[in-house]
Amino acid sequence: EEAPSNDETLPSGQQDLRVWLEKNHRGGKTATVIKGFIGSDADLESLGKTLKTKCGTGGSAKDGEIIIQGDHREKIMTILSQLGYKAKKAGS
């Protein structure tokens with residue numbers, strides 16, 4: 001049973017995103033994970049696509065998370081703030 005997706009996407013200024021670095025789950029590869037996005041899957045995918053393009057790398061956007069391959073925390077923080085999002089580094 002899937003949780004109902006929240007189709008109301010909050011304005012970027014009301015989003016409170018967390019940017020993590022994960023090293024363990026993806027076959028030993030480092031990945032930057034953005035959590036906390038509130039909104040539709042289409043908007044999540046759109047933001048994910050923007051981040052992937054600007055970082056020049058692959059990734060995915062699903063289940064309310066955006067995963068970008070590699071350690072791009074600084075770049076992602078900059079991009080998110082340029083887009084008007086509130087974002088904090090979290091985790092290790």
Side-chain angles (χ1 to χ4, degrees):
E1 193 69 30
E2 269 190 50
S5 75
N6 180 358
D7 290 333
E8 278 295 307
T9 299
L10 286 179
S12 58
Q14 290 176 28
Q15 297 273 6
D16 196 7
L17 304 179
R18 296 280 184 270
V19 181
W20 300 75
L21 189 65
E22 283 194 359
K23 292 188 180 127
N24 13 17
H25 304 310
R26 329 234 173 247
K29 292 199 170 65
T30 301
T32 308
V33 182
I34 300 94
K35 301 181 185 185
F37 184 85
I38 298 169
S40 69
D41 290 343
D43 289 332
L44 179 75
E45 282 179 28
S46 170
L47 179 58
K49 194 170 185 190
T50 300
L51 293 173
K52 285 188 291 190
T53 302
K54 289 184 183 283
C55 291
T57 187
S60 65
K62 60 179 187 291
D63 305 328
E65 292 183 358
I66 298 168
I67 298 157
I68 304 293
Q69 292 165 1
D71 182 355
H72 295 284
R73 284 173 298 178
E74 295 299 332
K75 196 167 198 177
I76 286 170
M77 294 291 290
T78 303
I79 296 163
L80 289 173
S81 71
Q82 286 169 348
L83 294 172
Y85 289 93
K86 289 192 292 195
K88 288 190 188 85
K89 278 194 214 164
S92 49

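Just so it is clear, the values below take in all heavy atoms, side chains as well, and ignore hydrogens, waters and symmetry mates.
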- Message: So, taking the atom named CD1 in Ile76 and the one named CG in Asp71, what distance separates them when rounded to the nearest 0.5 Å?
- Response: 8.5 Å
- Note on the structure: Distance col, row Ser12:OG vs Lys86:NZ, nearest 0.5 angstrom, shows 10.5 Å
- Query: How many angstroms lie between atom CD1 of Ile68 and atom OG of Ser60, to the nearest 0.5 angstrom?
  - Reply: 8.0 Å
- Task: Drop me the distance from Cys55's SG to Ile79's CD1, to the nearest 0.5 angstrom.
- Result: 4.5 Å
- Note on the structure: Heavy-atom closest pair (Ala31 atom, Ile67 atom, distance to 0.1 Å) is CB-CG2, 3.9 Å
- Backbone N or O of Gly70 within a donor-acceptor pair of the Thr32 side chain at under 3.5 Å? yes
- In this structure, OG of Ser46 is separated from CG of Asp41 (nearest 0.5 Å) by 12.0 Å
- Task: Before giving the answer on salt bridge (Lys or Arg N to Asp or Glu O under 4.0 Å), spell out for Glu74 and Lys89 the whole-Å C-alpha distance, their side-chain angles and the decisive distance to 0.1 Å.
- Result: CA-CA 9 Å; Glu74 295 299 332; Lys89 278 194 214 164; 2.4 Å; yes
- Message: Measuring from atom CG of Leu51 to atom OG1 of Thr57, what distance do you get when rounded to the nearest 0.5 angstrom?
- Response: 11.5 Å
- Task: Could you tell me which non-hydrogen atom of Leu21 sits nearest to which non-hydrogen atom of Lys23, and how far apart they are?
- Result: CD2-CE, 4.1 Å
- Is there a path of hydrophobic side-chain contacts, each under 4.5 Å between heavy atoms of I, L, V, M, F, W or Y residues, that connects Tyr85 with Val33? no
- Message: Is there a path of hydrophobic side-chain contacts, each under 4.5 Å between heavy atoms, that joins Leu10 and Leu83?
- Response: no
- Item | Minimum heavy-atom distance Val19-Met77, with the two atoms named | CG2-SD, 3.6 Å
- Nearest non-hydrogen partners of Ile66 and Ala61, listed with the distance: CG1-CB, 4.1 Å
- Heavy-atom count around Lys62 NZ within 6.0 Å, excluding the residue itself: above 12? no
- More than 12 heavy atoms of other residues, nucleotides or ligands under 6.0 Å from NZ of Lys35: is that the case? yes
- Task: Return the set of residues passing side-chain contact (heavy atoms from CB on, under 4.5 Å) with Lys88 (not counting sequence neighbours), or none when no residue passes.
- Result: Asp16, Arg18
- Give the C-alpha distance, both sets of side-chain angles, the deciding distance and a yes or no for side chain to side chain contact (heavy atoms under 4.5 Å, CB included) between Phe37 and Leu47. CA-CA 10 Å; Phe37 184 85; Leu47 179 58; 4.0 Å; yes
- Message: So does Lys54 get a backbone contact from the side chain of Lys75, meaning a donor-acceptor N/O pair under 3.5 Å?
- Response: yes
- State plainly whether one hydrophobic cluster holds both Trp20 and Ile34, where clusters connect Ile, Leu, Val, Met, Phe, Trp and Tyr through side-chain heavy atoms under 4.5 angstrom apart. no
